Undergrad: 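Following this message is one structure expressed as structure tokens.
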Amino acid sequence: MLELKKLYFTIQDDDVDIGAKRNIIDGIDFTFEKGKFYVITGPNGSGKTTLAKLIMGINPISSGSIIFEGKDISSLSITERAKLGIAYSFQQPARFKGITFRDLLAIATGNNDEKKFLEMVTRVGICPLSFLDKEVDARLSGGEIKKIELATTIAANPKLAIYDEPDTGIDLWTIGPMVSLLKKELTPKTTTIVVSHNRAFLDVADVIIIIDKGRIVYSGDLKSALPLLTDLSICTYHNNCERDKDVGCLR
Amino acid sequence: MLDALDKKLLKTVADLEGLPKGAYNIRKNGKLLDRQISANIDIETNADGTGIIVTIKPGTKNESVHIPVILSQAGLFDVVYNSFIIGEGAEVTIVAGCGIHCGTSESEGHAGIHDFQVGKKAKVNYVEKHFAMGEGSGRRTLNPTTKVFLDEGATAEMELTQISGVDEADRLNEATLGPGSLLLITERVLTEGEQRAESTNNIILQGSGSRANMISRSVMKGNSKQIFHANMEARAKCFGHIECDAIIMDNGTNETMPALKALHPDAELTHEASIGKIANDQLTKLMSLGLTYDQAVNRIIQGFLK
């Protein structure tokens, strides 16, 4: 249902010589199948979030193409992709002034059905229900705003849902129900892509995709992924790693 | 006696479809148009005929008084001095506001000078809206002044809104807070085109245990300009906060100057101020929920000024 073809995202690198170019996404080819649960993982800075943003249209692709349900969406805006049924849950959700949770749900669903909203609020583990009229502003805790983000994404009833680290800031006892909600209830109706390092998501993934330096280095099941996940070769710092002699990382 | 234009202005500034229930005083083109008093709320013209005195009996509960002003006479600059005396323990909502219709090239304006004496443990909710319209090229000016004196344990909640069409606005808000009193001011101003708005707020926390919170939300469209001063002076153990946010659209400009002065060791004063364009992550979020760029901008501004 989603095909990525020779996908590149290239930036001017400030760190190296001025004008030098760097591929953040370095030629990705991949096909996502309908109704499956994908987890994208990999080291920090490997390009996971960038890839997710390319699919939603938040970042423009440098070259290649994105085909969604047979249609080339590479040049479509965020709005157009949303209308085709792609939804995105941000790692760091936006905070507003004067916009409530209810307002966001109304925008996401296009209606004002309070009964459905309350059902949604309960499902993402938000309590009490008075939460609906809370402003989505800087006063919310990290966990609260992530739950709101999750709810607005689900409320949009997407064909393809992308969640960027949905578990950040979420309390431990909510992660289990969250995984079960996304995996059991919503997939297969929704094709799901989760960017995460969390074992709870990896455990239930139909397909695990490991990204390193902008390339897919593995896709398949968890069992075969485990050696790679523990292997140093996917660490961002493998070039200057001093191995066990002088371990500077938290490995 | 209310024509279609009057009705439109009243609807916009006072949410009134016709004549309000309860006490009211409607002023049109510098003259009294209609007045109604109630058992607990008295309205009389002041001694020199320059405005009204609204007296609310002690202990009055859940009553409201509407005092809108409408202007549609070319070249008129209407100045009015209104006093509000709110008795001990009373709870009242006062809806003021000024609507200007300018149909010619002659300028029109209004300056409403309002002073409030809020009695012990009384609660006043003051809602003021300013709006101007009309096809005329004359400038529409609104220069309101509010002076508030809060007695022990009194509360004043003030919502001051300038919706649109006002070319020139120079506002002054002054407040003195007695012991244990509470003042909440929310000011929302939208300017566009070549409009200019300035707001000066001087809040003195005089009594022990007094609290004040001043929130200002500004949106500048076109080439418009807004200047915002907020001065909070603490003379006792008290708590004060100023929050001013300005969103710049197009080529608008803004100057924001919050100032805190603590003259008592137990004073607690804070402020936060920000000026900038609409945050990109807010736009992206709303677009990812299906709104177009323009719809997202409108929704964010609508919420911001809500």
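By convention in this document, chain letters (A, B, ...) are assigned in the order of the sequence lines, proteins followed by strands, and residues within each chain are numbered from 1. Because the structure is predicted, anything quoted here is derived from the model rather than measured.
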Undergrad: Pick whichever of A/Lys97, A/Glu149, A/Glu135 has the most heavy-atom pairs under 4.5 Å with chain B.
TA: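 If we count pairs closer than 4.5 Å to chain B, A/Lys97 comes out on top.
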Undergrad: By side-chain hydrogen bond (donor to acceptor under 3.5 Å, both in side chains), which residues pair with B/Thr191, not counting sequence neighbours?
TA: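 So B/Thr191 forms a side-chain hydrogen bond (donor to acceptor under 3.5 Å, both in side chains) with B/Ser224, B/Gln226.
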Undergrad: Could you give the side-chain donor-acceptor pairs of residues 54-70 of chain A under 3.5 Å, partners two or more places apart or in another chain?
TA:
from: A/Ser62; atom 1: OG; to: A/Thr10; atom 2: N; distance (Å): 2.8
from: A/Glu69; atom 1: OE1; to: A/Lys159; atom 2: NZ; distance (Å): 3.2

Undergrad: I want to check a possible cation-pi pair here: B/Arg211 against B/Phe239, using under 6.0 Å from ring centre and within 45° of the ring axis as the test.
TA: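 Negative - B/Arg211 is either too far from the ring of B/Phe239 or too far off its axis.
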Undergrad: Taking atom types as modelled, find out whether B/Asn254 and B/Thr256 have a side-chain donor-acceptor pair closer than 3.5 angstrom.
TA: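 Present: a donor and an acceptor within the cut-off.
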Undergrad: What residues of residues 278-287 of chain B make heavy-atom contacts with chain A at a cutoff under 4.5 angstrom?
TA: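 Under the 4.5 Å heavy-atom cut-off, B/Asp281, B/Gln282, B/Thr284, B/Lys285, B/Leu286, B/Met287 qualify.
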Undergrad: So which part of A/Phe96 gets closer than 4.5 Å to some heavy atom of chain B, the side chain, the backbone, both or neither?
TA: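 Both backbone and side chain.
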Undergrad: Answer with side chain, backbone, both or neither: which region of B/Arg217 has an atom nearer than 4.5 Å to a non-hydrogen atom of chain A?
TA: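 Only the side chain of B/Arg217 comes within 4.5 Å of chain A.
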Undergrad: Measure distances from A/Arg95 to the heavy atoms of chain B and classify the residue's part below 4.5 Å as side chain, backbone, both or neither.
TA: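 The backbone, not the side chain.
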Undergrad: So, do B/Met232 and B/Lys261 sit near enough that their side-chain heavy atoms are less than 4.5 Å apart?
TA: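 Not in contact.
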Undergrad: Decide, yes or no, whether a salt bridge links B/Glu157 with B/Lys123 under the criterion of side-chain N to carboxylate O below 4.0 Å.
TA: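 Looking at B/Lys123 together with B/Glu157, the answer is no, because their closest N to O distance does not fall below 4.0 Å.
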Undergrad: Tell me, please, which residues at least two apart from B/Glu255 pass side-chain contact (heavy atoms from CB on, under 4.5 Å).
TA: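 So B/Glu255 forms a side-chain contact (heavy atoms from CB on, under 4.5 Å) with B/Lys225, B/Ile227, B/Met257.
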Undergrad: Answer yes or no: is there a side-chain heavy-atom contact under 4.5 Å between A/Ile40 and A/Ile193?
TA: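 The answer is yes, as the side chains (C-beta and beyond) meet within the 4.5 Å cut-off.
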